[in-house]
Amino acid sequence: MAHDSSTLFGTTVPDGARAASPTDTCTVVVSLRDTPGALSRITATLGSTPVLALAYVVTGSAQALAEIRMPRAHATRARHKLSRMVDTTYVSEPRFALLPLN
């Protein structure tokens with residue numbers, strides 16, 4: 001079975017999940033406690049959300065930061081889901097993010 005896919009940010013995503021332009025995407029930043037399974041909880045929470053890029057960095061003293069790029073149409077629902085997740089301390093959508101646009 002063949003699937004149409006394209007490479008974006010070094011990962012393979014379905015064509016339907018790709019946004020038309022950078023203005024159609026946004027980056028959600030999640031601050032959370034770095035616990036075993038924290039990254040797995042993020043991916044499970046966003047299971048039905050088309051994620052274009054995800055960066056997870058441990059910032060020290062058991063704190064972590066996750067930046068998640070997604071289509072803007074899914075951002076509000078994803079922010080609400082992430083804010084209810086265990087270990088989350090803060091969820092925001094900054095104007096400028098660390099992930100490169102291209």
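Hydrogens, waters and symmetry mates play no part in the numbers below; they use all other heavy atoms, side chains included. Quick note: residue numbers are just sequence positions, from 1. Since this is a predicted model, take the numbers as computed values, not measurements.
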Original post:
Is any side-chain heavy atom of Glu67 less than 4.5 Å from a side-chain heavy atom of Val28?
Top reply: no
Subject >> Euclidean distance, Thr88 OG1 relative to Ile42 CD1, rounded to 0.5 Å >> reply: 7.0 Å
Subject >> Any pair counted as salt bridge (charged side-chain N to carboxylate O under 4.0 Å, His left out), so long as it reaches residues 48-57, sequence neighbours left out >> reply: none
**OP:** Could you list all the side chain to side chain donor-acceptor pair (under 3.5 Å) pairs where at least one residue sits in residues 73-86, not counting sequence neighbours?
**Re:** Arg79-Glu93
Original post:
For Ser31, what residues pass the side chain to side chain donor-acceptor pair (under 3.5 Å) criterion, not counting sequence neighbours?
Top reply: none
Original post:
Which salt bridge (charged side-chain N to carboxylate O under 4.0 Å, His left out) pairs, counting each pair once, include a residue from residues 52-63, with sequence neighbours left out?
Top reply: none
Subject >> Residue pairs involving residues 43-63 (criterion salt bridge (charged side-chain N to carboxylate O under 4.0 Å, His left out); sequence neighbours excluded) >> reply: none
Subject >> Exercise: identify the closest heavy-atom pair between Met70 and Ala75 >> reply: SD-CA, 3.7 Å
Subject >> Pairs touching residues 38-61 that satisfy salt bridge (charged side-chain N to carboxylate O under 4.0 Å, His left out), sequence neighbours left out >> reply: Arg41-Asp87
Subject >> From CE (Met85) to CG (Leu46), nearest 0.5 Å >> reply: 8.0 Å
**OP:** Go through Val91 and Val29 one step at a time and tell me if the side-chain contact (heavy atoms from CB on, under 4.5 Å) criterion holds.
**Re:** CA-CA 6 Å; Val91 179; Val29 176; over 6 Å; no
Show me the donor-acceptor pairs, under 3.5 Å and distance only, between side chains in residues 49-65 and residues at least two apart or in other chains.
unit_1	atom_1	unit_2	atom_2	d
Tyr56	OH	Asp34	OD1	2.9
Thr59	OG1	Gln63	O	3.2

**OP:** Kindly give the heavy-atom pair with the smallest separation between Leu32 and Ala38, and that separation in Å.
**Re:** CD1-CB, 3.7 Å
**OP:** To the nearest 0.5 Å, tell me how far Arg69 CZ sits from Thr27 OG1.
**Re:** 4.0 Å
